[in-house]
Amino acid sequence: MSENPEPVYDRIREEVAARADRLWDVSLALHRAPETAFEEREAAALLAGELEREGFQVERGVAGLPTAFTGRAGSGAGPCVALLMEYDALPLLGHACGHNLIAAGGLGAALAVRGALGEVPGSLLAVGTPAEERGGGKAVEVEAGLFDGVDAALMFHPGVYDWAWAPLTASARVRVAFHGRAAHPTGNPTEGIDALGALIQLFNTLGVLERRLPAGSHVQGIITDGGRATNIVPEYAEGAFGLRGATTAALEDLVEEVRSCARGVASATRTRVEVTVEGGRYEHFRDNDVLSGLFAHHLDRAGIRLSEPVPGVYLGSSDIGNVSTRVPAIHPFVAIMGSEGSDHTPEFAEAAAGPRGRRVMLAAAEALACTAADVLLRAGVSEDAWACLRQKAAAGL
């Protein structure tokens, strides 16, 4: 890039403005027809089709996921930037996490970069990432090698705060099953081994454990199988537990603590226990200061000022964490409603189709595109971003 990058930024702004109505139509189409994890067939077809019509080389069904896709443009000689799109909805609540805005914003950024630069130096990758809410499409894509060779993974998330990065914890789902022995609670009570009693004891033990967990770590459980009849000592009981840790290492420690507690309870109650980590693990999010600083600078041009997150506040978990621990990545939050609100609510779903949602989506698309252009064209940006990632990895952050 020349010493004065403004002409490129100006062209990106023009490209986003020219597509504003179409991007909003895409966002509303997704909002009207919400599809849940791994079922996002219409959404994936719509987004992939938009990329294909504007000259991207589109590959559908990547990483073995029918609703995942990539769109690629560029010469291939130079840095590689990935612009990420989420488009799964929540059961019953629709787009109450605003993924329709994420998808349209990522799409707009990809189209604007290609339109502004013409022949893209390096590689521009638009990535369709299904099932963020449940199942972790990005985690699957990471393991399939889709992000190998990527120098910057860029996305934004609508929220109730204007924060430059996302304090997202690592998370895992653990199943604990106790096996006992059935008996009649009156006729032969001494023959029974109460599996449900063991599970309830585990809940009590974990309640004590939780009081000494570090910040960002917690355990939340439910009983998924507690027996079949009140006149039978339950021979089988099962619980599902959601575990979170401020870092992936803290999560791993917590999994082992839960496993140890379950084994202790089994020993005390003469039951047999099975502890299984189910599905993909979400790793904690590792913000890239270099890239998030560039995004915040560009978003400021649209009159949206990002700040640092409030210390000690965590906003859940996401499979973007699995990307961010391997390649430089950003995941800023941009408010579409006031801080008194919350995502995963009907009110947030309404805001995701409202005028503030439109303004934020277009501003974020422009800022993402300008950040992508910085990585592709400005000497040293990619190297600095990688240095930042390595430094945080070495510090365990």
Quick one, Asp21 with Arg358, criterion salt bridge (charged side-chain N to carboxylate O under 4.0 Å, His left out). Give me CA distance, side-chain angles, the key distance, then yes/no.
CA-CA 10 Å; Asp21 289 341; Arg358 174 184 168 123; 2.9 Å; yes
Closer than 3.5 angstrom, by distance alone: can the side chain of [X] be matched with the main-chain N or O of [Y] as a donor-acceptor pair?
X      : Y      : answer
Thr169 : Gly316 : yes
Lys392 : Asp287 : yes
Glu40  : Phe38  : yes
Asp343 : Cys97  : no
Ser267 : Gly264 : no
Asp300 : Ala302 : no
Asn288 : Ala329 : no
Thr129 : Met85  : yes
Thr269 : Val265 : yes
Asp162 : Val334 : no

Separation between [atom1] of [X] and [atom2] of [Y], rounded to the nearest 0.5 Å:
X      : Y      : atom1 : atom2 : value
Leu294 : Asp374 : CG    : CG    : 5.0 Å
Thr271 : Glu235 : OG1   : CD    : 13.0 Å
His218 : Leu206 : NE2   : CG    : 12.0 Å
Ser27  : Leu101 : OG    : CG    : 4.5 Å
Ser307 : Phe333 : OG    : CZ    : 12.5 Å
Phe295 : Phe156 : CZ    : CZ    : 7.5 Å

Run the numbers on Phe241 and Phe203 for ring-ring contact (aromatic ring centres under 6.0 Å, His included), then give the verdict.
CA-CA 10 Å; Phe241 297 86; Phe203 273 89; 5.0 Å; yes
Indicate yes or no: at least one non-hydrogen side-chain atom of [X] is less than 4.5 angstrom from one of [Y].
X      : Y      : result
Glu252 : Thr248 : yes
Glu52  : Arg60  : yes
Leu243 : Ser171 : no

Do the charged groups of [X] and [Y] touch, with an N to O distance under 4.0 Å?
X      : Y      : value
Arg173 : Glu278 : yes
Glu274 : Arg259 : no
Glu6   : Arg13  : yes
Asp25  : Arg32  : no
Arg326 : Asp148 : no
Glu119 : Arg114 : no

Phe348 and Ser342: CA distance, side-chain angles, deciding distance, side-chain contact (heavy atoms from CB on, under 4.5 Å) verdict:
CA-CA 7 Å; Phe348 197 89; Ser342 173; over 6 Å; no
Close aromatic pair by centroid cut-off 6.0 Å: His284 and Tyr282
no
Around atom [atom1] of [X], are there more than 12 heavy atoms of other residues, nucleotides or ligands at under 6.0 Å?
X      : atom1 : answer
Gln391 : CD    : no
Glu238 : CD    : yes
Arg301 : CZ    : yes
Leu92  : CG    : no

Audit row: Leu90, Thr36, side-chain contact (heavy atoms from CB on, under 4.5 Å) steps and yes/no:
CA-CA 6 Å; Leu90 290 158; Thr36 54; over 6 Å; no
Identify the residue among Glu86, Glu132, Glu283 that makes a salt bridge (Lys or Arg N to Asp or Glu O under 4.0 Å) with Lys138.
Glu86
Looking at every non-hydrogen atom in both residues, tell me the closest pair between Val233 and Arg181 and how far apart they are.
CG1-O, 3.9 Å
Would you name the heavy atoms of Pro121 and Leu117 that are closest together and state the gap between them?
CD-CD1, 4.2 Å
Parallel, tilted or perpendicular: rings of His298 and Tyr9 (30°, 60°)
perpendicular
Is it true that the side chains of Asp88 and His99 contain a donor and an acceptor less than 3.5 Å apart?
yes
Criterion side chain to side chain contact (heavy atoms under 4.5 Å, CB included) against Leu146, the qualifying member of Val323, Val140, Val127:
Val127
Yes or no on salt bridge (charged side-chain N to carboxylate O under 4.0 Å, His left out) for Arg22 and Glu50, after CA distance, side-chain angles and deciding distance?
CA-CA 10 Å; Arg22 179 55 189 160; Glu50 292 290 321; 2.4 Å; yes
Take Glu14 and Arg19 through the test salt bridge (charged side-chain N to carboxylate O under 4.0 Å, His left out) and record every step on the way to the result.
CA-CA 9 Å; Glu14 291 168 1; Arg19 293 173 170 82; over 6 Å; no
Can Leu28 and Asn100 be said to form a side-chain contact (heavy atoms from CB on, under 4.5 Å), step by step?
CA-CA 7 Å; Leu28 292 180; Asn100 59 307; 5.7 Å; no
